[in-house]
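Some notes on the structure that comes next.
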Amino acid sequence: MDTVTDFIHLNRDRYVDELKQYLAIPSVSALPEHAGDVRQCAEWTAAEMGRVGLENVRLVDTPGNPVVCGDWLHADGAPTILFYGHYDVQPVDPLDEWESPPFEATVREGEIYARGAADDKGQVFMHLKAVEACLRETGKLPVNIKFVLEGEEEIGSVNLDAFVREHKDELAADVVVISDSPMFDRGVPSICYGLRGLTYLQIDLRGSRSDLHSGSFGGAVANPAFVLAQVLGQMKDRGGRVKVPGFYDDVRPLRDEERAEFARLPFNERRYRNELGAPKLFGERGYTTLERLWGRPTFDVNGLLSGFTGDGAKTVIPAVAMAKVSMRLVPDQDPDRIADLFEAHLRKVTPRTVELSVTRMHGGKPWMTDFDNPFVQAAGRAIEQGFGRRPVFNREGGSIPVVATFQEVLGLPSVLFGVGLPDENAHAPNEKLDLGNFHNGIVASAALYGEIGAC
């Protein structure tokens with residue numbers, strides 16, 4: 001491992017230059033005008049996988065964007081890692097809030113700024129460089145490894161479940177490794193053992209054929225924007241508890257041991273609030289902030305659209321109103337059942353003065369593993385080698401739906417091995433990745449292969 005680590009340290013500058021090339025490709029999967037860029041990024045990823053020494057590199061077409069696959073399978077008798085990541089990125093809006101162009105990676109004060117820097121190109125690239133270091137210095141890996149990198153994670157991995165089922169035999173492995181999550185805090189590396197799930201829907205209300213003059217028709221018809229506000233207001237009580245009947249029926253309670261562990265973590269609520277710029281924190285009554293983030297479900301409004309929003313005044317009753325809403329879920333909630341419960345409640349509380357339509361969008365199941373399983377503990381030892389201190393164990397509030405798919409379809413445990421930071425702005429302007437974490441993560445990734453190889 002010493003020669004591998006030395007190789008990694010000697011190539012720090014080259015890694016950053018190469019990462020900049022990767023980040024320059026605007027692989028925004030949500031926008032059709034970037035379809036060609038997404039394909040180009042898949043091809044760049046495949047070429048890089050070949051350059052570092054992976055074999056059987058190929059693009060597997062799906063009804064959407066291709067999955068990039070490759071492997072190295074010469075460690076006889078050793079376990080096999082299935083590494084999952086994604087090469088697509090979020091849209092960059094609002095562009096005017098970026099301090100530097102989102103696809104021209106810029107280094108400032110030890111951090112690299114670009115869309116995809118943390119989510120997930122930088123963390124995928126970290127593993128490619130770890131593979132390269134091992135193969136260059138030792139001619140082999142201490143473990144077998146298979147790479148599966150998709151191009152639709154940011155739009156809900158719409159074709160990935162089918163891909164996993166169709167390629168079940170060739171994806172056989174012992175453990176899944178995913179680097180698509182942040183550490184607990186700067187200087188506090190962590191291993192994540194739980195993720196929330198997701199249900200996402202769009203609500204559309206229509207009150208008339210077209211917008212109406214508010215003087216001529218105000219008082220004669222319902223205003224869809226106002227109705228929508230009233231309906232959304234009935235989804236949570238003042239204590240932050242979701243009012244959808246049956247919503248909490250399947251929620252797995254937080255164990256006393258977990259709550260005690262969360263309470264011991266170095267978390268400062270005042271600093272957290274100040275960093276967010278929030279006047280006051282808010283959430284479900286009876287739980288701490290970390291408990292609400294990691295172990296409790298939520299209901300949120302993600303977007304609203306209705307009426308006239310330009311400069312000046314326009315006195316209209318809008319014909320339509322729209323809201324995008326999501327619910328983060330915890331074990332053992334099922335996304336489809338929660339969607340059914342929500343839609344039933346929505347139809348009950350929506351008045352007949354407007355027409356209602358509901359569109360179900362993407363979702364994913366929650367996931368949790370035992371943090372004392374051998375692969376998670378191996379990851380903990382690897383993190384300690386890369387970062388010089390033992391990691392803490394925590395859950396995450398976000399969702400990676402394919403984790404549950406790997407567990408259900410392939411029967412595989414997962415290790416979440418992320419090196420981002422909570423302030424990385426993953427879906428916001430000025431996304432960034434700490435370069436110290438990036439380089440330490442390459443060392444830790446190489447160490448992880450050895451630790452899992454010895455399991």
Side-chain angles (χ1 to χ4, degrees), residues 16-45 64-65 85-125 149-158 180-182 198 200 202 274-278 300-312 314 321-326 361-362 397-400 418-435 437-438:
V16 174
D17 289 340
E18 292 173 349
L19 177 58
K20 287 180 177 180
Q21 298 174 38
Y22 201 15
L23 296 173
I25 306 171
S27 51
V28 182
S29 55
L31 301 178
E33 59 266 33
H34 284 289
D37 297 315
V38 175
R39 183 81 186 191
Q40 178 193 353
C41 193
E43 293 169 350
W44 194 99
T45 304
N65 298 325
H86 64 93
Y87 62 86
D88 65 321
V89 300
Q90 281 277 322
V92 299
D93 305 280
L95 184 60
D96 60 359
E97 293 187 14
W98 285 81
E99 295 179 16
S100 53
F103 296 109
E104 295 178 19
T106 304
V107 175
R108 298 194 296 274
E109 298 181 354
E111 296 178 306
I112 187 167
Y113 288 78
R115 176 58 88 223
D119 183 20
D120 181 35
K121 288 181 179 177
Q123 301 200 60
V124 165
F125 202 70
L149 306 177
E150 68 155 324
E152 298 180 328
E153 195 273 348
E154 300 294 6
I155 54 172
S157 298
V158 289
D180 190 16
S181 57
L198 177 69
Y200 197 108
Q202 179 171 316
N274 289 338
E275 288 176 347
L276 295 178
D300 284 296
V301 178
N302 303 120
L304 292 166
L305 184 65
S306 186
F308 176 70
T309 58
D311 294 334
K314 185 180 181 183
M322 180 275 287
K324 293 181 184 290
V325 302
S326 65
M361 304 177 84
H362 63 270
S399 306
I400 307 177
V419 301
L421 289 172
D423 65 349
E424 66 193 12
N425 299 324
H427 287 197
N430 302 307
E431 180 180 347
K432 61 184 179 178
L433 180 65
D434 183 274
L435 288 176
N437 285 357
F438 171 66

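Numbers for residues simply follow the sequence, beginning at 1. The model shown is predicted, which means the values in this text are computed figures rather than measured ones. Every heavy atom of this structure was used, including side-chain atoms; hydrogens, water molecules and symmetry mates were not.
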Review point. Is there side-chain contact between Leu149 and Asp120, with at least one heavy-atom pair below 4.5 Å?
Key: no
Point to revise | Set of side chain to side chain contact (heavy atoms under 4.5 Å, CB included) partners for Leu305, sequence neighbours left out | key: Met322
Point to revise | salt bridge (charged side-chain N to carboxylate O under 4.0 Å, His left out) involving Glu99 - partner list, sequence neighbours excluded | key: Arg108
Exercise for review: May I ask you to check whether over 12 heavy atoms, not counting those of Asp311, lie within 6.0 Å of atom CG?
Suggested key: no
Exercise for review: Mind checking side-chain hydrogen bond (donor to acceptor under 3.5 Å, both in side chains) for Glu97 and listing every partner two or more places apart, or none if nothing turns up?
Suggested key: none
Review point. Taking only residues two or more places apart in sequence, or in another chain, which ones meet Trp98 in a ring pair (Phe, Tyr, Trp, His ring centres under 6.0 Å)?
Key: none
Check your understanding: Does a donor on one side chain sit under 3.5 Å from an acceptor on the other, for Thr106 and Lys20?
Key -> no
Review point. Backbone N or O of Ala428 within a donor-acceptor pair of the Arg115 side chain at under 3.5 Å?
Key: yes
Check your understanding: Phe103: what forms a ring pair (Phe, Tyr, Trp, His ring centres under 6.0 Å) with it, not counting sequence neighbours?
Key -> none
**Study point:** Heavy-atom pair of closest approach, residues Tyr22 and Lys121
**Key:** O-NZ, 3.1 Å
Check your understanding: When rounded to the nearest 0.5 angstrom, what distance separates CZ in Phe438 from CD in Gln123?
Key -> 10.0 Å
Exercise for review: Taking salt bridge (charged side-chain N to carboxylate O under 4.0 Å, His left out) as the test, write out the residues that go with Glu152, two or more places apart.
Suggested key: none
Exercise for review: Please work out whether the ring planes of His362 and Tyr200 are parallel, tilted or perpendicular, with thresholds of 30° and 60°.
Suggested key: parallel
Study note, to complete from the structure: Value for CD (Glu43) from CD1 (Ile25), rounded to nearest 0.5 Å, stands at 9.5 Å
Check your understanding: Which residues satisfy the side-chain hydrogen bond (donor to acceptor under 3.5 Å, both in side chains) test with Ser306, sequence neighbours excluded?
Key -> none
Atom pairs and distances, side-chain donor-acceptor, residues 86-95, under 3.5 Å, sequence neighbours left out:
residue: His86; atom: ND1; partner: Asp88; partner atom: O; Å: 3.0
residue: His86; atom: ND1; partner: Asp88; partner atom: OD1; Å: 3.0
residue: His86; atom: NE2; partner: Asp119; partner atom: OD1; Å: 3.0
residue: His86; atom: NE2; partner: Glu153; partner atom: OE1; Å: 3.3
residue: His86; atom: NE2; partner: Asp180; partner atom: OD2; Å: 3.3
residue: Tyr87; atom: OH; partner: Pro66; partner atom: O; Å: 2.6
residue: Asp88; atom: OD1; partner: Glu153; partner atom: N; Å: 3.3
residue: Asp88; atom: OD2; partner: Ser29; partner atom: OG; Å: 2.7
residue: Asp88; atom: OD2; partner: Glu153; partner atom: N; Å: 3.1
residue: Asp88; atom: OD2; partner: Glu154; partner atom: N; Å: 2.9
residue: Gln90; atom: NE2; partner: Glu154; partner atom: OE1; Å: 2.9

Exercise for review: Under the side-chain hydrogen bond (donor to acceptor under 3.5 Å, both in side chains) rule, collect the residues that match up with Asn302, sequence neighbours excluded.
Suggested key: Ser326
Review point. Minimum heavy-atom separation for Leu19 to Phe125, with atom names?
Key: N-CE2, 3.8 Å
Exercise for review: State, to 0.1 Å, how close Ser100 and Asn430 come at their nearest heavy-atom pair, and which atoms those are.
Suggested key: N-OD1, 4.4 Å
Practice item. Nearest 0.5 Å please: distance from the CD atom of Gln40 over to the OG1 atom of Thr45. Key: 10.0 Å
Check your understanding: Where is the tightest heavy-atom contact between Leu198 and Ser399, given as atom of each residue plus distance?
Key -> CB-OG, 3.8 Å
Review point. If only atom types and distance count, is the side chain of Lys432 paired as donor or acceptor with the main-chain N or O of Asn425 below 3.5 Å?
Key: no
Review point. Which residues pass the side-chain hydrogen bond (donor to acceptor under 3.5 Å, both in side chains) test with His34, sequence neighbours left out?
Key: Asp37
Practice item. Of all the heavy-atom pairs spanning Gly151 and Asn65, show the shortest one and how long it is. Key: O-ND2, 2.8 Å
Revision key, fill the gap. Side chain to side chain contact (heavy atoms under 4.5 Å, CB included) filter on Ala118, not counting sequence neighbours, yields Glu424, Glu431, Leu433
Review point. Counting heavy atoms not belonging to Glu109, are there more than 12 under 6.0 Å from its CD?
Key: no
Exercise for review: Mind checking salt bridge (charged side-chain N to carboxylate O under 4.0 Å, His left out) for Asp434 and listing every partner two or more places apart, or none if nothing turns up?
Suggested key: Arg186
Check your understanding: Gly85 and Val124: which non-hydrogen atoms are nearest, and at how many Å?
Key -> CA-CG2, 4.0 Å
